[in-house]
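Let me begin by presenting the structure, written as structure tokens, before commenting on it.
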Amino acid sequence: MKEQKDHYVAIMAGGIGSRFWPKSRIGLPKQFLDILGTGKTLIQMTYERFARIVPKENIYVVTHEHYTDIVKKQLPELTPNQIVSEPMRKNTAPCIAYISFKIKEINPYASMVVAPSDHLVLKEDVFADVARNGLQFVDEADSLITLGIVPTRPDTGYGYIQFLDNHRSGEIYKVKTFTEKPNLELAKSFLKSGDFLWNSGIFVWNVRSILAAFKKDLPEVYDAFHEGKGKYNSEQEKPFIAHAYSLCKNISIDYGIMEKAENVFVIPADIGWSDLGTWQSLYELYEKEKQGNAVSGKNVMLFDSKDNMVMAPDDKLVVLQGLEGYCVIDTKDALLICKREKEQEIKEITAEVKKEKGEKFL
């Protein structure tokens with residue numbers, strides 16, 4: 001078994017959180033917001049979660065270069081080398097290739113957890129055990145692990161992982177298939193079968209295994225970053241990375257590698273997880289008053305209204321009458337009012353806002 005010094009974490013924090021518009025903006029996306037009202041931002045909660053699992057000096061944050069200063073401010077314990085800046089957004093595969101090559105040059109025996117910065121985990125002790133279990137497994141095994149969330153409902157907003165119950169090592173199962181967001185009937189059948197899990201987007205592997213997978217299934221991405229051998233963790237890293245990213249296509253790690261690789265395993269985990277991907281997911285987490293309204297804002301008044309998600313500035317009076325099942329999200333320069341059941345369309349709405357109004361309100 002490896003020592004803890006060989007265990008690393010990469011927190012991905014470069015997204016813009018467009019489904020949380022208008023609260024989440026390009027200049028300050030949701031990972032840097034205290035969206036849950038806890039007094040801590042999502043990235044601060046994520047960092048603290050992993051600081052219990054690996055040495056703090058082994059935690060890296062990969063973010064867009066525009067957010068480097070925000071990361072420094074919110075996570076002052078990080079050294080400059082622990083904040084890894086992407087010159088452009090190219091989805092998760094180039095991001096993971098970059099940090100994997102960087103960590104490999106520091107420690108070729110490293111095993112690592114790769115996780116988004118903006119997820120919620122309520123059962124932190126259980127999560128810590130699951131993460132340690134995964135790290136210990138990949139210390140010795142040439143395997144790519146994803147954390148699978150035990151589903152609680154037939155949700156159509158998540159990808160699903162089917163596992164082989166008869167092919168397991170302890171609580172770690174061989175993956176049979178990945179399925180992108182299914183329709184409701186399919187999601188119901190997945191839940192009934194008992195061998196499907198939600199795809200959390202949290203991964204565990206050693207650097208040799210993931211880089212071997214890149215070499216096999218995304219060779220052009222592998223080659224782009226492999227050229228930087230000897231430049232990582234030096235003054236030459238930044239100009240090299242700008243060139244490497246220009247060579248990469250926009251592709252996710254799921255589509256580029258996990259759905260193709262043969263050595264993929266999953267750990268079923270009941271960790272009180274939410275990807276906080278939509279206003280609906282936040283509504284489910286918030287405490288509701290007796291009419292089923294979830295409210296953030298000290299001066300919100302509701303009349304004949306139920307089952308709404310309402311978020312407004314504390315110093316603003318917001319009065320709602322006769323609304324049922326809506327999201328009402330008020331900020332200083334933008335107001336969103338949409339049906340909760342239609343909130344998956346917010347991404348398309350923000351695309352139209354950009355087309356009509358530019359990026360001023362994004």
Side-chain angles (χ1 to χ4, degrees), residues 15-38 40-43 45 116-120 122 151-159 181 183-184 187 198 201 272-357 359-362:
I16 58 173
S18 59
R19 287 187 180 89
F20 261 94
W21 184 86
K23 193 73 177 172
S24 178
R25 302 295 182 94
I26 291 173
L28 193 68
K30 69 166 180 166
Q31 60 267 31
F32 304 119
L33 301 176
D34 176 14
I35 203 116
L36 295 166
T38 63
K40 293 175 183 174
T41 66
L42 294 177
I43 195 171
M45 293 170 70
S117 57
D118 54 1
H119 288 187
L120 176 68
L122 293 173
T152 55
R153 60 185 182 276
D155 200 299
T156 59
Y158 296 137
K181 300 171 184 177
N183 60 37
L184 185 58
W198 289 335
W273 173 89
S274 171
D275 71 342
L276 293 176
T278 61
W279 286 113
Q280 175 65 20
S281 61
L282 195 64
Y283 172 81
E284 289 166 5
L285 289 164
Y286 258 65
E287 192 175 328
K288 286 103 176 153
E289 40 91 288
K290 60 184 178 182
Q291 298 300 319
N293 297 299
V295 178
S296 173
K298 291 180 178 177
N299 289 295
V300 175
M301 298 179 69
L302 298 161
F303 300 91
D304 190 26
S305 297
K306 65 178 184 178
D307 303 333
N308 299 296
M309 174 78 222
V310 186
M311 187 170 279
D314 286 339
D315 59 354
K316 188 171 187 177
L317 174 63
V318 174
V319 181
L320 301 179
Q321 192 280 332
L323 278 191
E324 181 179 338
Y326 273 78
C327 287
V328 180
I329 313 300
D330 192 19
T331 68
K332 64 179 181 180
D333 63 346
L335 169 65
L336 172 72
I337 303 172
C338 77
K339 288 184 177 179
R340 272 181 38 219
E341 66 193 49
K342 296 285 188 181
E343 54 122 43
Q344 290 282 356
E345 297 174 13
I346 289 177
K347 206 165 186 177
E348 287 76 39
I349 290 168
T350 57
E352 283 298 309
V353 170
K354 183 176 181 179
K355 187 176 168 184
E356 294 289 325
K357 304 292 182 183
E359 293 192 348
K360 178 183 177 184
F361 296 104
L362 299 179

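For the pair D330 and I337, the minimum side-chain heavy-atom distance is 4.5 Å or more. Using a 4.5 Å heavy-atom cutoff, the side chains of S117 and L42 are not in contact. L320 is not listed as a side-chain neighbour of Y326, based on a closest heavy-atom distance of 4.5 Å or more. Within the 4.5 Å cutoff, the side chain of K357 has no heavy atoms near those of the L362 side chain. In this structure, P22 and F361 have side chains that are not in contact, with every pair of non-hydrogen atoms separated by 4.5 Å or more. Looking at heavy atoms from C-beta onward, L276 lies in side-chain contact with L285 at the 4.5 angstrom threshold. Considering only heavy atoms from C-beta on, R153 comes within 4.5 Å of W198 through its side chain.
Of the possible polar contacts, none joining the W279 side chain to the V310 backbone as a donor-acceptor pair under 3.5 Å is found. With S24 contributing its side chain and I16 its backbone, the two residues share a donor-acceptor pair below 3.5 Å. Looking only at distances, no side-chain donor or acceptor of Q280 sits under 3.5 Å from a matching main-chain atom of E343. At distances below 3.5 Å, at least one donor-acceptor pair connects side-chain atoms of N293 with backbone N or O atoms of N308. Judged purely by atom type and a 3.5 angstrom limit, S296 has no side-chain atom pairing as donor or acceptor with the backbone of M311.
Among residues at least two apart or in separate chains, salt bridge (charged side-chain N to carboxylate O under 4.0 Å, His left out) pairs with a member in residues 18-33 are R25-D333, K30-D118.
Summarising the geometry, atom OG1 belonging to T278 is positioned 10.5 Å from atom CE belonging to M309; distances are rounded to the nearest 0.5 Å. The structure places CD of E284 at 7.5 Å from CZ of R340, a figure rounded to the nearest 0.5 Å. Rounding to the nearest 0.5 angstrom, the gap separating the OG1 atom in T331 from the CH2 atom in W21 is 7.5 Å. Separation of atoms CG (L33) and CD1 (I43) is listed at 11.5 Å; rounding is to 0.5 Å. If you take CD on E324 and NZ on K339, they are separated by 10.5 Å, rounding to the nearest 0.5 Å. Rounding to the nearest 0.5 Å places CG of D34 at 7.5 Å from OG1 of T41.
Closest approach of G277 and S281 over heavy atoms only: N-OG, 3.4 Å. Across Y283 and G292, no two heavy atoms sit closer than the pair OH-O, 2.6 Å. D155 and A187 get closest at one heavy-atom pair: O-CB, 4.0 Å.
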Would you please test K181 and T156 for side chain to side chain contact (heavy atoms under 4.5 Å, CB included) and show each step? CA-CA 5 Å; K181 300 171 184 177; T156 59; 5.8 Å; no

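Among residues two or more places apart in sequence or in another chain, the side chain to side chain donor-acceptor pair (under 3.5 Å) test is passed with E359 by K354. With sequence neighbours left out, the side chain to side chain donor-acceptor pair (under 3.5 Å) criterion links D275 to Y158.
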